Amino acid sequence: GRQAAGQAAEQQGVRAENAQLGARCQEVVADGRHKGAVCRLCPNCQRPIDKIEGGDSMYCGRDAHGGNAQGGCGHKFNWAAATPYKSSMPSGPRQEQLRTQPPPPLNQTQHPEHITCDACHSAIVGLRFSCVHCPAADLCEACEAGGQHPAEHVFRIIDRAID
């Protein structure tokens, strides 16, 4: 019903959020790779410095001509002697950063152990969907929302523990 549709929308939102997180993480990883290829660290403040042109005499936070001032400590150093930048970013989002499951059901009813979901065979927690057309056909919220039963069948929604 309406709650199942809400859960399906929430699952779609979770997938979209994970896709955005993954894309942003890949941008950060690519930026780290680029910096690793072209940047050195300022020996004074450890800021990554990209040498665009000129010799090895550098000032942290500005170009050789004194213009193009950016954040930096102003420390003078030798580019060739500076430590290369090394990214500390992993190659992608950590699994714990991604939401792999929908949020728990609002209704936390624990149904009797012998009543399990006929689609995923898990214990039913939350709303129980009992088909009025099929004898003893019960689904959990996720399987009902995922279309794991004929669409034309009607369910009785059980929100408390009964046999």
Side-chain angles (χ1 to χ4, degrees), residues 1-51 60-61 70-73 75 82-163:
R2 192 177 316 155
Q3 185 166 1
Q7 188 176 22
E10 176 69 20
Q11 288 172 340
Q12 186 176 14
V14 166
R15 284 191 293 275
E17 183 181 317
N18 285 344
Q20 289 175 347
L21 174 62
R24 176 64 186 126
C25 189
Q26 292 307 316
E27 289 173 14
V28 171
V29 168
D31 183 57
R33 284 190 190 122
H34 170 75
K35 286 179 182 177
V38 301
C39 291
R40 302 285 174 107
L41 298 176
C42 168
N44 188 53
C45 71
Q46 302 302 302
R47 181 176 191 269
I49 307 295
D50 187 352
K51 178 180 166 184
C60 180
Q70 301 174 6
C73 68
H75 180 75
T83 304
Y85 173 86
K86 184 174 180 181
S87 176
S88 60
M89 184 68 190
S91 61
R94 295 185 311 271
Q95 189 61 36
E96 65 269 17
Q97 292 175 304
L98 300 177
R99 287 176 54 192
T100 57
Q101 297 294 321
L106 297 175
N107 179 321
Q108 292 292 320
T109 300
Q110 297 281 335
H111 296 277
E113 284 183 19
H114 67 278
I115 300 175
T116 59
C117 177
D118 291 310
C120 69
H121 309 291
S122 298
I124 298 177
V125 176
L127 297 177
R128 173 178 148 201
F129 293 82
S130 184
C131 182
V132 298
H133 300 277
C134 303
D138 294 297
L139 297 179
C140 66
E141 292 180 52
C143 289
E144 191 279 334
Q148 299 294 317
H149 200 74
E152 64 274 3
H153 286 205
V154 176
F155 289 97
R156 182 173 66 144
I157 300 173
I158 302 168
D159 63 353
R160 58 186 148 279
I162 57 172
D163 284 336

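Below, each value reflects all heavy atoms present in this structure, side chains not excepted, and no hydrogens, waters or symmetry copies. If you're wondering where the values come from, they're calculated on a predicted model, not measured in any experiment.
Arg47 places no side-chain N or O within donor-acceptor distance of the main-chain N or O of Cys42, the cut-off being under 3.5 Å. No donor-acceptor pair under 3.5 Å is formed between the side chain of Gln148 and the backbone N or O of Ala119.
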Check against side-chain contact (heavy atoms from CB on, under 4.5 Å), Glu144 and Leu127: CA-CA 10 Å; Glu144 191 279 334; Leu127 297 177; over 6 Å; no
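Applying the salt bridge (Lys or Arg N to Asp or Glu O under 4.0 Å) rule to Asp138 yields the partners Arg128; only residues at least two apart in sequence or on another chain are considered. Under the side chain to side chain donor-acceptor pair (under 3.5 Å) criterion, His133 pairs with no residue at all, not counting sequence neighbours. For Lys51, the side chain to side chain donor-acceptor pair (under 3.5 Å) partners two or more places apart in sequence, or in a different chain, are Asp56.
Separating the CG atom in Asn44 from the SG atom in Cys73 is a distance of 4.0 Å, to the nearest 0.5 Å. Rounding to the nearest 0.5 angstrom, the gap separating the CG atom in Leu41 from the NZ atom in Lys86 is 11.5 Å. Atom OH of Tyr85 sits about 12.0 Å away from atom CZ of Arg33, to the nearest 0.5 Å. Taking CD1 from Ile157 and CG from Leu139, the interatomic distance works out to 11.5 Å, rounded to the nearest 0.5 Å.
Ring centers of His149 and Phe155: under 6.0 Å apart, within the cut-off.
Of all the heavy atoms in Ile49 and Cys60, the pair that sits closest is CD1-SG, 3.8 Å. For the pair His153 and Cys131, the tightest heavy-atom approach, listed with the atom from each and the gap, is ND1-SG, 3.3 Å. Across all non-hydrogen atoms, the minimal contact from Cys117 to Cys120 is SG-N, 3.5 Å. Closest non-hydrogen pair, His111 versus Ile158, comes out as CE1-O, 3.7 Å.
For Glu113, the CD atom sits in a loose shell: 12 or fewer heavy atoms of surrounding residues, nucleotides or ligands are nearer than 6.0 Å.
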